[in-house]
Visitor: 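My questions will all concern the structure given below.
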Number of protein chains: 2
Amino acid sequence: MEATLDNLKSILAASNYKLTAQRKIILQILINNKGEHLSAEEVYNIVKTEDPGIGLATVYRTLELFCELGIIQQLTFDENCRRYELETGEEHHHHLVCSKCGKVIEFNDEVLEEFESELEKRHSFKVTEHKIKFYGYCEDCQ
Amino acid sequence: MEATLDNLKSILAASNYKLTAQRKIILQILINNKGEHLSAEEVYNIVKTEDPGIGLATVYRTLELFCELGIIQQLTFDENCRRYELETGEEHHHHLVCSKCGKVIEFNDEVLEEFESELEKRHSFKVTEHKIKFYGYCEDCQ
DNA sequence: ATGTGTGCAAAAGCTTTGCATGGAC
DNA sequence: GTCCATGCAAAGCTTTTGCACACAT
């Protein structure tokens, strides 16, 4: 189920968590930045403009909670911090990362799904998730 | 060029770096653990058994240098530390990561190479490297 | 009323850096 | 002899944790 401001309360309640102003604001920001890959620090800086009193720890705790609830997904680029993006319920997508300007292009492809099935058979491995990143140069940077 | 204890000196010299006992020991350890995915801390602990006086900073600096020289490759699993593996000059390989026991199975496939070409055309993106990880459950953990 | 959630500050990792000494060339 | 490399310790970053107070249910 894709998270919205309207169903956040029920998503939280389903796991015995409470709806708080901070959680609402953070989800709002993630929705506003759908498609972005924000770090905790970046979320914190945006939240502060709406709720200057919020603590950084709360942002970390909320992002962790949202991950656990499947509202967002944690990404692993080769950087020194973790980034998060909204889980949209749409098809899985993957990333093309430009080594020069850092631009991230998203893509998805059914070829990968077939490849995955083949892989499962060959290695007796049950795939639950995949993360694929291609690094190189985007159109502008080549 | 695949790094060995014999050609390390020329690899370093080619970029105006010196051959030191510490750099030799660290390469030795990476070679002994070919196929492993070691963190800086783990390399440090192994090195200390041969050279108790070595500093952790030296290990970090050496791993960074080896990355720059293409001797090793930095990996990004979803953990809190960076891991490194020897660059073998063989075909690129990718990882199946077991979510339960943490086992890492390596694979490579020519299907991916084709897929990559297609992707380059479609997104006007020049791919220089790819990292692919599938998460799930290995044979033992299913 | 109860127990979860928050803010603050301190602590805990991992990694980097400054500086004086030591070693490769 | 020169300059790079090292060891040590301190600092830097991101992230986590402990605790008292506040708030959602």
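Within every chain, numbering begins at 1; the chains are lettered A, B, ... in the order of the sequence lines, protein sequences first and strands thereafter. Any value given below was found using the heavy atoms of this structure, including those in side chains, with hydrogens, waters and symmetry copies removed.
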Visitor: Out of dT6(C), dG7(D), dT15(C), which has the shortest distance to the side chain of Gln22(B)?
Guide: dG7(D)
Visitor: Heavy-atom distance under 4.5 Å between the side chains of Asn7(A) and Glu2(A), does that happen here?
Guide: no
Visitor: Hey, does the side chain of Ser15(B) reach the backbone of Tyr17(B) with a donor-acceptor pair shorter than 3.5 angstrom?
Guide: no
Visitor: Which nucleotide wins on minimum distance to the side chain of Ala57(B), given the candidates dG5(C), dT17(C), dT15(D)?
Guide: dT17(C)
Visitor: Which one, dT15(D), dC8(D), dG7(C), comes nearest to the side chain of Asp51(A)?
Guide: dG7(C)
Visitor: Quick check on dG7(D): is either OP1 or OP2 less than 4.0 Å from any side-chain nitrogen or oxygen of Thr58(B)?
Guide: yes
Visitor: Lys18(B) has a side chain; which of dT15(C), dA24(D), dA5(D) sits nearest to it?
Guide: dA5(D)
Visitor: Which nucleotide in the list dT15(C), dT14(D), dC25(C) gets nearest to the side chain of Leu56(B)?
Guide: dT15(C)
Visitor: Nearest whole Å is fine: how far is dT15(D) P from Glu42(A) CD?
Guide: 11 Å
Visitor: How far does CG of Leu30(A) sit from CD1 of Ile25(A), to the nearest 0.5 angstrom?
Guide: 12.0 Å
Visitor: Any idea which of dA24(D), dG7(D), dC25(C) is nearest the Leu19(B) side chain?
Guide: dC25(C)
Visitor: Between dG13(C) atom P and Tyr44(B) atom OH, what is the distance in whole Å?
Guide: 16 Å
Visitor: Figure out the CG/P separation between Leu69(A) and dG5(C), and round it to whole Å.
Guide: 10 Å
Visitor: Separation of Glu64(A) atom CD from dT15(D) atom P, in whole Å?
Guide: 12 Å
Visitor: Give a yes/no answer on whether the side chain of Tyr60(A) brings an N or O atom under 4.0 Å of OP1 or OP2 in dT15(D).
Guide: yes
Visitor: Just checking Arg61(B): base, sugar-phosphate only, or nothing, at a heavy-atom cut-off of under 4.0 Å?
Guide: base
Visitor: Side chain of Arg23(A), backbone of Phe66(A): donor and acceptor closer than 3.5 Å?
Guide: no
